[in-house]
Participant: 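Handing you this structure, nothing more for now.
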Amino acid sequence: MMKEFRKTQRLMGNQFEITVVDTNETVAKEHLEAAVLEIQRIENLLTTFREESQTNQINQNAGMKPVKVDPEVFNLIERSLRISKITDGYFDISYGSIDRKFWNFDREMKELPDPEMIKEHLKLVNYHNILLNREDSTVFLKEKGMRIGFGGIGKGYAAEMGKRLLINRGVKSGVVNASGDLTTWGNQADGKPWTIGISDPDNARLPFSYMNISNISVATSGNYEKFVSIGGKKYSHTINPKTGMPVSGIKSVTIICPNAEIADALATPVTIMGTEKGIGMIDQIQQVECIIIDDENHIYSSKNINFK
């Protein structure tokens with residue numbers, strides 16, 4: 001009889017929950033372990049917290065020399081640049097130049113960073129200055145001090161790669177959930193589609209809506225998880241790469257599409273662009289839908305959305 005087997009583990013700084021459908025517990029556990037190892041492998045490639053990671057090598061050689069990387073890293077950066085073009089630079093992996101220096105949402109921030117300093121560092125945020133050479137498989141950051149980071153796409157990529165590995169191992173149905181960025185394939189053990197809850201921004205444990213999905217990915221970007229209040233105003237952890245400032249006005253954006261990496265990468269730019277512009281962009285991309293909840297709890301969605 002088909003059963004669902006789950007494993008929850010902290011990976012890439014987030015809680016991952018991997019689900020597989022199988023008849024045999026021993027086999028299912030082997031599948032789950034293999035998926036964890038795959039996600040750890042990706043974490044080691046992409047992290048900026050390990051000196052020897054390829055991301056760090058690229059950052060350390062900014063303005064000095066190109067760095068040879070694995071085809072996998074090269075291709076992910078290439079796809080990231082494509083998303084930067086589509087989103088008019090609201091998605092930009094070179095945001096790493098501003099992010100951590102000024103906004104540490106894990107600590108007690110008491111005041112806003114100095115706007116002049118932000119302006120100075122903003123000069124380094126420009127995806128056009130990430131130069132790729134496919135022949136040599138090298139990445140070169142043109143300006144000294146530039147940094148890239150995969151915070152906006154890495155979880156979705158890892159979920160997608162975990163899913164690919166499990167499918168290659170013969171797993172017919174499952175879910176890889178990377179803290180709300182999730183991808184599904186097949187059906188539940190009882191043959192019904194997977195049921196996904198769309199978080200209520202005011203109470204993450206109480207979904208405001210459910211969707212039945214299969215072979216679909218969902219990513220939610222919400223400012224209800226990480227924010228600081230300074231002078232009575234709520235600043236979300238989502239930084240606008242064009243201003244260096246956190247965004248406000250939108251509580252959460254949920255992207256629904258076939259690929260977890262794309263869903264993850266589009267959730268943040270839509271949050272930054274705002275409702276009208278964000279939905280306008282999503283409506284032009286095939287097979288991608290979105291649901292937006294603003295600060296007044298109004299719900300907006302793209303044209304083909306259908307949720308109960």
Side-chain angles (χ1 to χ4, degrees), residues 14 83 86-92 95 98-99 102-106 108-113 115 118 151-152 155-156 177 179-182 195-213 216-257 262-285 288-308:
N14 288 278
I83 292 169
I86 291 166
T87 62
D88 188 27
Y90 284 105
F91 174 88
D92 192 331
Y95 78 90
I98 43 171
D99 205 276
F102 303 110
W103 299 98
N104 191 338
F105 292 92
D106 299 332
E108 283 297 302
M109 272 184 72
K110 297 286 180 238
E111 53 187 39
L112 297 176
I118 287 184
K155 277 195 311 178
N177 184 349
S179 268
D181 294 350
L182 60 88
T195 301
I196 303 299
I198 308 290
S199 290
D200 178 340
D202 293 324
N203 190 340
R205 287 197 188 88
L206 287 177
F208 83 87
S209 174
Y210 290 93
M211 301 181 73
N212 290 331
I213 61 172
I216 286 284
S217 302
V218 176
T220 298
S221 173
N223 69 14
Y224 48 88
E225 285 156 345
K226 269 190 188 175
F227 62 88
V228 287
S229 291
I230 297 170
K233 188 172 177 187
K234 201 171 171 184
Y235 292 93
S236 89
H237 73 294
T238 304
I239 306 287
N240 182 339
K242 298 189 179 197
T243 64
M245 294 297 282
V247 297
S248 51
I250 286 181
K251 277 185 183 174
S252 81
V253 170
T254 298
I255 302 283
I256 301 129
C257 74
I262 292 169
D264 188 9
L266 289 177
T268 303
V270 170
T271 306
I272 299 164
M273 288 167 139
T275 307
E276 208 173 312
K277 207 172 168 188
I279 287 178
M281 177 187 75
I282 294 297
D283 279 342
Q284 289 172 53
I285 308 173
V288 180
E289 302 301 333
C290 80
I291 300 166
I292 297 175
I293 305 176
D294 70 10
D295 278 352
E296 268 72 59
N297 288 329
H298 296 131
I299 300 170
Y300 304 87
S301 64
S302 54
K303 60 185 177 193
N304 296 320
I305 206 73
N306 179 15
F307 61 90
K308 43 177 173 163

Participant: For the atom pair CD1 (I291) and OG1 (T220), what is the distance rounded to the nearest 0.5 Å?
Facilitator: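 Reported value, rounded in 0.5 Å steps: 8.0 Å.
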Participant: Please give me the minimum heavy-atom distance between C257 and A263, naming the atom from each residue.
Facilitator: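 Looking at all heavy atoms of both residues, the shortest contact is SG-N, 3.7 Å.
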Participant: To the nearest 0.5 angstrom, please state how far the CD1 atom of I299 sits from the CD1 atom of I293.
Facilitator: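 Between I299 CD1 and I293 CD1, I get 5.0 Å after rounding to 0.5 Å.
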Participant: Run the salt bridge (charged side-chain N to carboxylate O under 4.0 Å, His left out) test against D181 and tell me which residues pass, sequence neighbours left out.
Facilitator: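 Checked D181 against salt bridge (charged side-chain N to carboxylate O under 4.0 Å, His left out); matches are K155.
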Participant: Could you tell me the separation between the CD1 atom of I256 and the CD atom of E289, rounded to the nearest 0.5 Å?
Facilitator: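 One gets 7.0 Å once the value is rounded to the nearest 0.5 Å.
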Participant: Who pairs with N177 by side chain to side chain donor-acceptor pair (under 3.5 Å), at least two apart in sequence or on another chain?
Facilitator: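 Partners of N177 under the side chain to side chain donor-acceptor pair (under 3.5 Å) test: none.
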Participant: If the condition is salt bridge (charged side-chain N to carboxylate O under 4.0 Å, His left out), which residues does D294 pass it with, not counting sequence neighbours?
Facilitator: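 Per chain and number, D294 pairs via salt bridge (charged side-chain N to carboxylate O under 4.0 Å, His left out) with no residue.
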Participant: I need the minimum non-hydrogen distance between Y90 and P269, along with the two atoms involved.
Facilitator: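 Here Y90 and P269 meet closest at CB-CB, 3.9 Å.
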Participant: Considering non-hydrogen atoms only, spot the tightest contact between G274 and I250 and give its length.
Facilitator: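 Looking at all heavy atoms of both residues, the closest pair is CA-CD1, 3.7 Å.
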Participant: Could you pull out all residues at least two apart from T268 that satisfy side chain to side chain donor-acceptor pair (under 3.5 Å)?
Facilitator: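 So T268 forms no side chain to side chain donor-acceptor pair (under 3.5 Å) with any residue.
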Participant: Rounded to the nearest 0.5 Å, what's the gap from CG on L182 to CD1 on I196? Could you check?
Facilitator: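 It comes to 4.5 Å.
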Participant: Side-chain contact test, heavy atoms from C-beta onward, threshold under 4.5 Å: evaluate it for I279 versus K303 and give yes or no.
Facilitator: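 With C-beta onward as the side chain, the pair stays apart.
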Participant: At what distance, to the nearest 0.5 angstrom, does OG1 of T271 lie from CD1 of I239?
Facilitator: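 Answer rounded to 0.5 Å: 12.0 Å.
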Participant: Which heavy-atom pair separates S179 from N14 by the least distance, and what is that distance?
Facilitator: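 Nearest pair, atom of S179 first, then N14: OG-CB, 3.6 Å.
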Participant: Restricting to non-hydrogen atoms, name the atom on K242 and the atom on D88 that form the minimum distance, rounded to 0.1 Å.
Facilitator: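 Result for this residue pair: NZ-O, 2.7 Å.
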Participant: Indicate the atoms forming the closest heavy-atom contact of A219 with D264, along with that distance.
Facilitator: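 Closest approach of A219 to D264: CB-N, 3.6 Å.
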Participant: Using side-chain contact (heavy atoms from CB on, under 4.5 Å) as the criterion, list what pairs up with I282, not counting sequence neighbours.
Facilitator: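 If we apply the side-chain contact (heavy atoms from CB on, under 4.5 Å) test to I282, skipping adjacent residues, the hits are I255, L266, V270, V288, C290, S302.
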Participant: Going by side chain to side chain donor-acceptor pair (under 3.5 Å), name the residues that satisfy it together with T87, two or more places apart in sequence or in a different chain.
Facilitator: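 Not a single residue meets the side chain to side chain donor-acceptor pair (under 3.5 Å) criterion with T87.
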